[in-house]
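For reference, the structure discussed in these notes is given below.
Chain identifiers are assigned alphabetically (A, B, ...) following the order of the sequence lines, protein sequences preceding nucleic acid strands; residue numbering begins at 1 within each chain.
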Amino acid sequence: MWRGVVSGRWVELASRPNEVIARAVESQRDWSWLEEYLQLRVDLAEVFAEFPANDPHLEQAIKTCRGMRLLKQDHWECLASFILSSTKQIVQIQQITNLLRSRYGERVKVPNGCGDTFTFPQAEKIVSLTETDLRGCKMGFRAPYLHDAARKVASGEVDLKRIATLPLVDAQAELMKINGVGEKIAECVLLYGYGFPTAFPVDVWVARALSEFYFKGRKVALPKLRRFAAKHFGCQAGYAQQYLFQHIRLREKRMKASET
DNA sequence: GACCAGGACCATT
DNA sequence: AATGGTCATGGT
């Protein structure tokens, strides 16, 4: 079960075979905001059909991560979250974003008995904060990066809506105008926030997976990995990336669990 | 205490 | 085009 805030509303999700059970605070006559977030109209079979043929690692990933979908997250929240992600563990990223929410977000209605819940603070709100405020949320050297992003987004110097209309390379260059946003974070935002299907972020986990699966375990430099991915994974490379990422991380978790 | 975490940036080669 | 140091903070 998952609880969170989507489009400013509290929501609880439970997954069942071939369906999702959702609960909101007030009755919803229109769930399109959630269908968009979960990308429920995407036909996974059509996505997998675009994967390279005869790739046993992708086939294995499809099995271990069955049904997994890419989300379409809020542009600003996605950008800010990935700026905060650099060389941080995922649980720590959640800790930082939760601090930001509870201190500077807006409270949302929750069902009786559920804990306090807040929206992710808007760029305009982040701009009004000092670097000390931001460092107080445990983000360390990422504080000036987040503030620069908030300033450029709030002022319109970086137009997050317009980025959706650009070709991939131009959209990436636009995001990289922000201090603290390099190729990897830009590709994350393009994939998880905008749904560019060929965006292929290469983080430490994906780099490991690519090296192990496609380069016989040799250490391969990032630019070379990116070039390989661009030609090997095709027009749904983003989905391939997410399946490889989740596949290798689940395997790691199982390994650690069996050590004890 | 060393080492690493969904990196970016800067200087150097 | 690639390598190395640095940045803050917390977990193992």
Requested in this report: Quick one: list whatever passes salt bridge (charged side-chain N to carboxylate O under 4.0 Å, His left out) with A:Arg23, sequence neighbours left out.
Outcome: A:Glu12
Report task. Kindly write out the residues that satisfy ring-ring contact (aromatic ring centres under 6.0 Å, His included) with A:Phe200, not counting sequence neighbours, or none if the list is empty. Result -> A:Phe233
Requested in this report: Would you mind classifying the nucleic acid contact of A:Gln241 as base, sugar-phosphate or nothing, using non-hydrogen atoms under 4.0 angstrom?
Outcome: base
Query - Whole angstrom value for the distance that separates P of B:dG7 from CG of A:Asp148 - result: 20 Å
Report task. Could you check whether A:Gln246 gets within reach of a base, just the sugar-phosphate, or nothing at all, counting any heavy atom under 4.0 Å? Result -> nothing
Requested in this report: Quick one: label A:Ile90 by what it contacts on the DNA or RNA (base, sugar-phosphate, nothing), any heavy atom closer than 4.0 Å.
Outcome: base
**Report entry** Counterpart residues, side chain to side chain contact (heavy atoms under 4.5 Å, CB included), relative to A:Asn54 (two or more places apart)
**Finding:** none
Requested in this report: Under 4.0 Å from any atom of DNA chain C, heavy atoms only: list the residues of residues 218-237 of chain A that qualify, in numerical order.
Outcome: A:Ala221, A:Pro223, A:Arg227
Report summary line: When pairs are called at under 3.5 Å and a stem needs at least three consecutive Watson-Crick or G-U pairs, the stems of DNA chain C are B:2-5 with C:9-12, B:7-13 with C:1-7
Show each protein N/O and nucleotides 4-8 of chain C N/O combination with a separation under 3.5 Å, one pair to a line.
unit_1, atom_1, unit_2, atom_2, d
C:dA8, O4', A:Phe141, N, 3.1

**Report entry** Of residues 61-83 of chain A, the positions that come close to DNA chain B - non-hydrogen atoms, cut-off under 4.0 Å
**Finding:** none
**Report entry** For A:Ala150, side chain to side chain contact (heavy atoms under 4.5 Å, CB included) partners two or more places apart
**Finding:** A:Trp76, A:Ala123, A:Ile126, A:Val127
Query raised in the report: Base, sugar-phosphate, or nothing: which does A:Val181 touch, judged by heavy atoms less than 4.0 Å apart?
Result: sugar-phosphate
Query raised in the report: Under 30°, 30 to 60°, or over 60°: which ring-plane class applies to A:Phe213 and A:His57, parallel, tilted or perpendicular?
Result: parallel
Report task. Figure out the CG/P separation between A:Asn98 and C:dT9, and round it to whole Å. Result -> 18 Å
**Report entry** Between B:dG6 (P) and A:Leu210 (CG): distance, integer Å
**Finding:** 17 Å
**Report entry** Within residues 100-114 of chain A or reaching into it, pairs that qualify as side-chain hydrogen bond (donor to acceptor under 3.5 Å, both in side chains) - sequence neighbours excluded
**Finding:** A:Glu26-A:Lys109, A:Glu77-A:Arg101, A:Arg107-A:Asp116
Query raised in the report: Does A:Leu70 offer a backbone N or O that forms a donor-acceptor pair with the side chain of A:Tyr239 under 3.5 Å?
Result: yes
Query raised in the report: Once the angle between the rings of A:His75 and A:Tyr194 is folded into 0 to 90°, is it parallel (under 30°), tilted (30 to 60°) or perpendicular (over 60°)?
Result: parallel
**Report entry** For A:Pro144 against A:Arg135, the heavy-atom pair lying closest together
**Finding:** CD-NH2, 4.2 Å
Query - Rounded distance in Å - CD (A:Gln89) to C1' (B:dC3) - result: 11 Å
Query raised in the report: Cationic tip of A:Arg3 within the cone over A:Trp10's six-membered ring, i.e. under 6.0 Å and within 45° of the normal?
Result: no
Query raised in the report: Taking CD from A:Glu183 and C1' from B:dA8, how many angstroms apart are they, rounded to a whole number?
Result: 11 Å
Report task. Could you tell me whether the phosphate oxygens of B:dA8, OP1 or OP2, come under 4.0 Å of any side-chain nitrogen or oxygen in A:Lys184? Result -> no
Requested in this report: Look at A:Lys72 together with A:Glu35 and state whether they make a salt bridge at an N to O cut-off of under 4.0 Å.
Outcome: no
Tell me which donor-acceptor pairs under 3.5 Å the side chains of residues 219-230 of chain A have, and how far apart each pair is, sequence neighbours excluded?
none

Query raised in the report: On a whole-Å scale, what distance lies between the C1' atoms belonging to B:dG1 and C:dG10?
Result: 15 Å
Query raised in the report: Rounded to whole angstroms, how far apart are CG on A:Leu190 and C1' on B:dG6?
Result: 15 Å
Report task. Could you state the atom-to-atom distance from CD1 of A:Ile96 to P of B:dG6 in whole Å? Result -> 11 Å
Report task. Using the P atoms only, state how far B:dG6 lies from C:dA2, rounded to an integer number of Å. Result -> 25 Å
Query raised in the report: Who passes ring-ring contact (aromatic ring centres under 6.0 Å, His included) against A:His147, sequence neighbours left out?
Result: none
**Report entry** Test item: side-chain donor near acceptor, A:Asp55 and A:Tyr214, under 3.5 Å
**Finding:** yes
Requested in this report: Identify, between A:Asn179 and A:Tyr192, the residue whose nearest nucleotide on DNA chain B lies closer to the 5' end.
Outcome: A:Tyr192
Report summary line: When rounded to whole Å, the NZ to P distance for the pair A:Lys177 and B:dA8 reads 18 Å
Query raised in the report: Pairs in or reaching into residues 165-178 of chain A: which pass side-chain hydrogen bond (donor to acceptor under 3.5 Å, both in side chains), with residues at least two apart or in two chains?
Result: A:Glu174-A:Lys177
